[in-house]
Amino acid sequence: CKLANMAATHNWDEIRDLQKKFAEVCTSGAVTTLSEGVMVQVLQKLGERNLIKLLYTMDGKEFLTEAQLETDICNELEESGGRLNTVELHESVNVDLTHVMSAVENLLKDDRRLHLIQGDLINSSYMDGIAEEVNELLLESGHVSINELCSKFNLPSDFLREEMENRLGLIIQGKFDHRDRGSIFTDAFMARQTAKIRGIFSGITKETSVNSLQSSYGFHDKLFLDVLDSLIQNDRLPGKLQGRGDKMAYVPEIIKRTQSNWIESFYKQNQYIEFEKVSQLGIRQPPKHLTKLFKDGIPLETCFIANSYLENVSATVLESLAQDSWANVLETLPAPCTEEDASVVTAKTKAIMEHKNSIILDEYVVCSKGFLTSCAGHFADLIQKMATDAANATKKQRSTAGNEPTSSGNTTDNPGKAKKDKKKKKKEKAEAADSQGESAFKFLTVEEVENLIADKYEDFPASGALASHLFRRLKSEFEEALESALKGGADAAMQRKTVDSLHEEFKAMLSDAKAFCKGALQLDTADQKPHFKHLTQTFGLPLTDIIFRLLGRGGLMDIETGTTLKPSDRKAIIRDSQPDQKEVLERLDTLTVQSDFPTLIEYMNEASEAAGIFLGKPKKEKQQLAEFRAALLEKIKPELDPPVVLLLATTMYFQRVTNCMLNISGKLVAGVVKFLVKKCTEGSNDNAEALTLMDSYKENVMDFIRRKDDFSPEEKAKLEELTIEVKKLVLEGSK
């Protein structure tokens with residue numbers, strides 16, 4: 001360090017000597033004056049030794065230090081009024097732009113009042129001048145926009161906003177708009193705007209668009225909504241704003257109060273009010289407004305009604321049902337209500353929807369089942385007459401066709417041709433008889449039934465719906481009457497009894513079939529096919545036979561009920577059936593052949609309707625399961641045959657594990673036991689121990705079936721013990 005200090009002291013001594021010599025040279029005469037070249041070399045020498053740092057001017061004729069350059073820049077900035085472009089600056093100081101920018105950066109670091117904005121060097125005095133100009137504008141107009149100032153002074157908005165904010169209260173007498181800080185206002189301007197807004201809006205007596213008022217009276221865009229909202233929030237203006245954007249409107253309190261009073265008065269007097277009238281008052285979304293105002297009311301399509309109308313509808317409808325008559329819900333509602341309103345009220349009236357004796361037509365006409373029976377009764381004479389006429393015409397046609405003489409042409413000359421002619425004529429006669437039979441059996445159309453109902457009940461509003469509802473029933477009665485007439489009426493009563501028994505048999509069997517189908521679907525998918533085949537044979541074919549008998553009872557009702565129809569019988573029924581019935585019968589025949597039991601059972605609903613079977617409400621599942629379990633218990637108690645005990649026990653344990661019914665044959669028992677053991681192994685189950693016993697019992701029973709004659713007495717005794725144990729488990733588990 002001492003050596004460095006000595007060297008520095010030595011250098012400064014040399015510099016002082018040079019300065020003295022330089023001064024002497026400058027003051028001496030021309031003889032001792034240095035030349036310009038020597039002077040340049042001296043300065044270069046000093047620069048090389050870093051004893052002095054000089055900057056060249058652009059023409060190279062002058063030198064200056066960095067401090068001098070910064071001083072020159074500040075002088076130029078002051079002379080230009082506080083704002084100078086850096087490109088112009090380097091030309092005025094005659095120094096390279098790089099040195100000028102370096103000097104500017106140094107000045108910016110040392111003086112925070114200087115700013116370099118978009119290539120312009122700006123000092124605080126310039127910004128003070130802008131602030132004074134802004135203040136003058138405020139005194140003139142009361143407000144000024146930052147965007148206007150940016151355009152005028154060519155400065156960025158963020159910089160200008162910050163500088164103006166720093167001078168608020170000092171040079172600028174005003175305040176910023178607190179919403180987006182895009183404008184400056186004076187207190188006097190804000191007070192004038194507030195007073196103007198309050199005065200104009202205080203005089204409004206109807207709903208008025210805010211945008212129209214703003215454009216009409218020239219309210220300032222930035223202040224208007226803030227001031228208006230503030231006046232409303234502080235209860236300086238009695239009203240409120242509705243809507244948004246261009247649809248915003250001011251609603252004075254007096255209008256709202258008048259509207260509410262009128263609506264409440266009308267609603268209390270009439271127990272309803274139309275949405276159109278509410279809309280005419282200027283209220284948007286009338287349903288929402290009325291629902292909020294009247295909690296117990298019901299909004300419909302066209303109006304808002306009180307709950308008392310539902311009570312009136314309930315009383316009227318119940319009275320009509322008690323008298324086996326009908327009621328038009330629309331007639332009990334206010335005059336403005338439409339059919340859509342009536343359907344909504346009907347759906348909301350529990351007394352109608354939950355009444356067991358009610359039938360709803362066209363969604364708002366309610367009638368009793370007794371009324372439908374009465375309507376059908378009016379067609380009894382007509383149906384009987386049509387059936388008798390059709391039967392007589394059919395008998396006459398058959399007798400005519402049977403007694404028609406054969407042709408007497410010469411058959412000896414060409415016997416082969418005569419035989420062909422005979423067959424051809426026989427076929428033509430059969431086709432003619434079929435076509436004549438179809439025309440003879442023709443029944444009324446739905447339109448004709450509707451016209452007859454309209455003539456009988458002139459004021460009934462749903463004659464078309466009633467005709468559609470009654471048509472299938474009337475057609476079924478016509479077919480029964482025709483059948484009775486064709487048979488001479490001797491066994492008509494017995495025939496009706498048979499039809500009724502078939503209906504009951506079908507409903508009971510279909511209910512069981514659905515339950516057994518649900519049980520079979522619980523099994524693994526790979527094991528379901530043989531179960532479906534078994535169920536198709538056990539339930540599908542009998543159900544299908546009943547449908548075929550009912551739809552083809554004109555020719556096959558004399559077949560014994562318990563027997564299964566042959567494929568040829570089904571084909572004959574399909575061939576002779578009506579087109580709408582043929583589709584149903586062909587579908588049933590296909591599904592039974594395919595053994596697609598789930599689809600077959602699902603299709604039975606549509607098929608039963610085509611056959612005129614009214615299924616009614618299905619039996620409750622809990623009751624059905626209990627009855628099935630009781631039946632199994634009654635069967636297993638006295639049973640001692642091991643295969644039968646295994647079959648019954650497996651079925652009962654399946655119901656216990658899955659809570660579903662199952663109908664199986666002896667061939668399917670092994671697979672069901674395997675399924676139950678697997679299901680209990682996969683999850684915790686209280687029946688696991690019992691099913692282990694069942695699995696062992698199954699193996700013994702199958703061994704007994706395979707070699708029944710070779711079974712030893714000891715093995716038979718063991719099997720009997722297992723049988724007793726299995727029965728005991730089943731009976732104890734059912735308590």
* Distance (rounded to the nearest 0.5 Å) between S125 OG and L77 CG -> 7.0 Å

* To do: Scan side-chain atoms only and decide if Q68 and D72 contain a donor-acceptor pair under the 3.5 Å cut-off.
  => yes

* Asked: So how far is it from I122 CD1 to F159 CZ, rounded to the nearest 0.5 Å?
  -> 5.0 Å

* CD/E165: more than 12 non-hydrogen atoms of other groups inside 6.0 Å -> yes

* **Partner set under ring-ring contact (aromatic ring centres under 6.0 Å, His included) for H289, not counting sequence neighbours** => none

* Verify, without hydrogens or angle tests, whether T349 (side chain) and I352 (backbone) share a donor-acceptor contact under 3.5 angstrom. => no

* **salt bridge (charged side-chain N to carboxylate O under 4.0 Å, His left out) contacts in which one or both residues fall within residues 133-155, not counting sequence neighbours** => E133-K152

* Between N154 (side chain) and C150 (backbone), is there a donor-acceptor pair under 3.5 Å? -> no

* If only atom types and distance count, is the side chain of D527 paired as donor or acceptor with the main-chain N or O of L523 below 3.5 Å? -> no

* How about E363 and E339: do any of their side-chain heavy atoms sit closer than 4.5 Å? -> no

* Structure fact -> When T346, L333, V366 are each screened for side chain to side chain contact (heavy atoms under 4.5 Å, CB included) with V313, the one that passes is L333

* Do the side-chain N and O atoms of N605 and K514 include a donor-acceptor pair separated by under 3.5 angstrom? -> yes

* Do Y267 and F294 have their ring centres less than 6.0 Å from each other? -> yes

* Point-to-point distance, once rounded to the nearest 0.5 Å, from CG of L137 to CD of E132 -> 12.5 Å

* Check whether more than 12 heavy atoms from other residues, nucleotides or ligands sit under 6.0 Å from atom CD of E264, and answer yes or no. => yes

* Could you note down all residue pairs passing side-chain hydrogen bond (donor to acceptor under 3.5 Å, both in side chains) where residues 303-313 supplies at least one of them, sequence neighbours left out? => Q271-S308

* Asked: Does any N or O in the side chain of S92 come within less than 3.5 Å of the main-chain N or O of L89, such that one atom is a donor and the other an acceptor?
  -> yes

* To do: Mind checking the CD1-CG spacing from I305 to L300? Nearest 0.5 Å is all I need.
  => 4.5 Å

